[in-house]
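What follows is a short report on a single structure.
Because the structure is a prediction, the values reported are computed rather than measured.
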Amino acid sequence: MLLVAYDGSSFHGFAAQPGKRTVGGALMETLAHMTGHPVAVTCAGRTDTGVHAAGQVVHADLDAVFAGGAVVRLARALTRQLGPAIAVLDAALAPETFDARHSALSRRYHYDILTGPSPDPLLRHRAWHVPGHLELPAMRMSADALLGTHDFSGFCRKPPEPERSLVREVTEARFRPGVGEAGRVLRFEIEANAFCHRMVRSLAGTLVSVGEGRITAAGVLAVLRSGDRSRGGGRVAPPEGLVLSHVRYP
């Protein structure tokens, strides 16, 4: 099991794709070079192009030669090969039944929004710049409506299999005001048992629309209940503000 952080700015997401630079592809290529044979990796949640991670969890089936202290040395070697864009923060042996994706109880993301009239070039890959004023109380009220178990069809890209459920349980959804950059960055934090495609970015985009006065908190609840993105849940925030921060296991 590997604990991985990465700057997603120069990657086409996590999942390996032919002809494209991805986080998972880079991990598999480097592991294959170290072990002398192909190595598949499974992650807790596949991130999209430009999305970052501070606490992604990955598992891979490796030879017994990597038992004990060797697995820690492997993590250091991976960081030397893949850094600074990718860092393996920790490594440990896991039970054979462990699966980075299916064993997870919840995933936690945060999304940063830079407020104020001027952008910050140093945060252009870290936050979404929204120049106008945002009504934080209205955004918080809307975030509260997301708590609990709901069908999030109104905030997700439709899956290829029509019968796949988009019901998710959100255990936390809140805004932390004034983090970093002289208090100009709003941080939206959300934790759920799982997320569907583009769910966090869709929620962030919709909540910013609430802060701008484009839709109301009641409108967010209406989208949630209807499952219809056209009712106001269609705005998708850009990827640069999104970070997979933590994955929780039993």
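- Shown here for A44 and R107, the closest heavy-atom pair between the two residues is O-NH2, 2.9 Å.
- Taking CG of L27 as the reference point, atom SG of C43 lies at 9.5 Å (rounded to 0.5 Å).
- For the residue pair A217 and A138, the shortest heavy atom distance occurs at CB-O, 4.4 Å.
- The shortest side-chain heavy-atom distance between L114 and V130 does not fall under the 4.5 Å cut-off.
- Scanning both residues, A173 and A143, for their nearest heavy atoms gives CB-O, 3.6 Å.
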- Task: Give the C-alpha distance, both sets of side-chain angles, the deciding distance and a yes or no for side chain to side chain contact (heavy atoms under 4.5 Å, CB included) between T149 and V167.
- Result: CA-CA 7 Å; T149 302; V167 174; 3.5 Å; yes
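- Every side chain to side chain contact (heavy atoms under 4.5 Å, CB included) that E191 has, sequence neighbours left out, goes to S106, R108, T171, E172, R248.
- Sorted by first and then second residue, the salt bridge (Lys or Arg N to Asp or Glu O under 4.0 Å) pairs involving residues 124-140 (not counting sequence neighbours) are D7-R126.
- Within the structure, the ring-ring contact (aromatic ring centres under 6.0 Å, His included) test picks out the following pairs touching residues 80-104 (sequence neighbours left out): F98-Y249.
- Within 6.0 Å of CZ on R46 lie no more than 12 heavy atoms contributed by other residues, nucleotides or ligands.
- Residues L89 and A54 share a closest heavy-atom pair of CD1-O, 3.6 Å.
- Here the straight-line distance linking atom CD of Q81 with atom CD1 of I86 works out to 11.5 Å at 0.5 Å rounding.
- At most 12 non-hydrogen atoms from other residues, nucleotides or ligands lie less than 6.0 angstrom from NE2 of H33.
- Neither L166 nor V220 shares a network with the other; the hydrophobic side chains, linked directly or stepwise wherever heavy atoms of I, L, V, M, F, W or Y lie under 4.5 Å apart, form separate groups for each.
- Remark: the backbone N or O of R198 is not paired with any side-chain donor or acceptor of R157 at under 3.5 angstrom.
- Here the NE2 atom belonging to H129 is positioned 9.0 Å from the CG atom belonging to D120, to the nearest 0.5 angstrom.
- Listed by chain and number, the residues in a side chain to side chain contact (heavy atoms under 4.5 Å, CB included) with M199 are F152, C156, R168, V170, F195, C196, L203 (sequence neighbours excluded).
- Checked for salt-bridge contact, R235 and E212 meet the test: a charged N lies under 4.0 Å from a carboxylate O.
- The main-chain N or O of G50 is never found under 3.5 Å from a side-chain atom of S9 such that the two would form a donor-acceptor pair.
- Applying the salt bridge (Lys or Arg N to Asp or Glu O under 4.0 Å) test to residues at least two apart or on different chains, none of the pairs has a partner in residues 13-40.
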- Dump the intermediate steps for side chain to side chain contact (heavy atoms under 4.5 Å, CB included) on D61 and V39, then the final yes or no. CA-CA 7 Å; D61 294 327; V39 177; over 6 Å; no
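- The nearest pair of heavy atoms linking A91 to V72 is O-CG2, 4.4 Å.
- For the pair S118/R184, a side-chain contact is recorded, criterion being any heavy-atom separation below 4.5 Å from C-beta on.
- D112 pairs with exactly one of L186, V185, L123, L242 by the side chain to side chain contact (heavy atoms under 4.5 Å, CB included) rule, that one being V185.
- Residues F175 and S142 fail the side-chain proximity criterion, which asks for heavy atoms closer than 4.5 Å.
- By the 4.5 Å heavy-atom criterion applied to side chains, P250 and L105 are counted as neighbours.
- At least one donor-acceptor pair closer than 3.5 Å links the side chain of S226 to the backbone N or O of V223.
- Rounding to the nearest 0.5 Å gives a distance of 5.5 Å between CD of E169 and CG of N193.
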- Check step by step if side chain to side chain contact (heavy atoms under 4.5 Å, CB included) holds for V58 and F14. CA-CA 11 Å; V58 176; F14 186 93; 3.9 Å; yes
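- Counting heavy atoms from C-beta on, the side chains of L224 and F155 come closer than 4.5 Å.
- Note on V243: it does not cluster hydrophobically with I113, by side-chain heavy-atom contacts below 4.5 Å among ILVMFWY residues.
- The distance from the CD1 atom of I215 to the CG atom of L221 is 11.0 Å, given to the nearest 0.5 Å.
- Two residues are said to be in side-chain contact when any heavy atoms from C-beta on lie closer than 4.5 Å; M139 and L134 meet this criterion.
- Under a hydrophobic-cluster definition in which Ile, Leu, Val, Met, Phe, Trp and Tyr are linked whenever side-chain heavy atoms come within less than 4.5 Å, directly or via other members, L207 and V200 are assigned to the same cluster.
- A donor-acceptor pair under 3.5 Å links the side-chain atoms of H52 to the main chain of E240, judged by distance alone.
- The closest donor-acceptor contact from the side chain of R176 to the backbone of E189 lies at 3.5 Å or more, if one exists at all.
- By the neighbour-count criterion of 12 heavy atoms within 6.0 Å, atom CE of M141 is sparsely surrounded, having that number or fewer from other residues, nucleotides or ligands.
- Using a 4.5 Å heavy-atom cutoff, the side chains of H197 and D48 are in contact.
- Looking only at side-chain heavy atoms (C-beta outward), H59 and D99 come within less than 4.5 Å of each other.
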- Given side chain to side chain contact (heavy atoms under 4.5 Å, CB included), test L31 with L74 step by step and report yes or no. CA-CA 9 Å; L31 283 168; L74 172 68; 4.2 Å; yes
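- Remark: Y6 pairs with no residue by the ring pair (Phe, Tyr, Trp, His ring centres under 6.0 Å) rule, at least two apart or across chains.
- Looking at every heavy atom in both residues, A100 comes nearest to T42 through CB-O, 3.4 Å.
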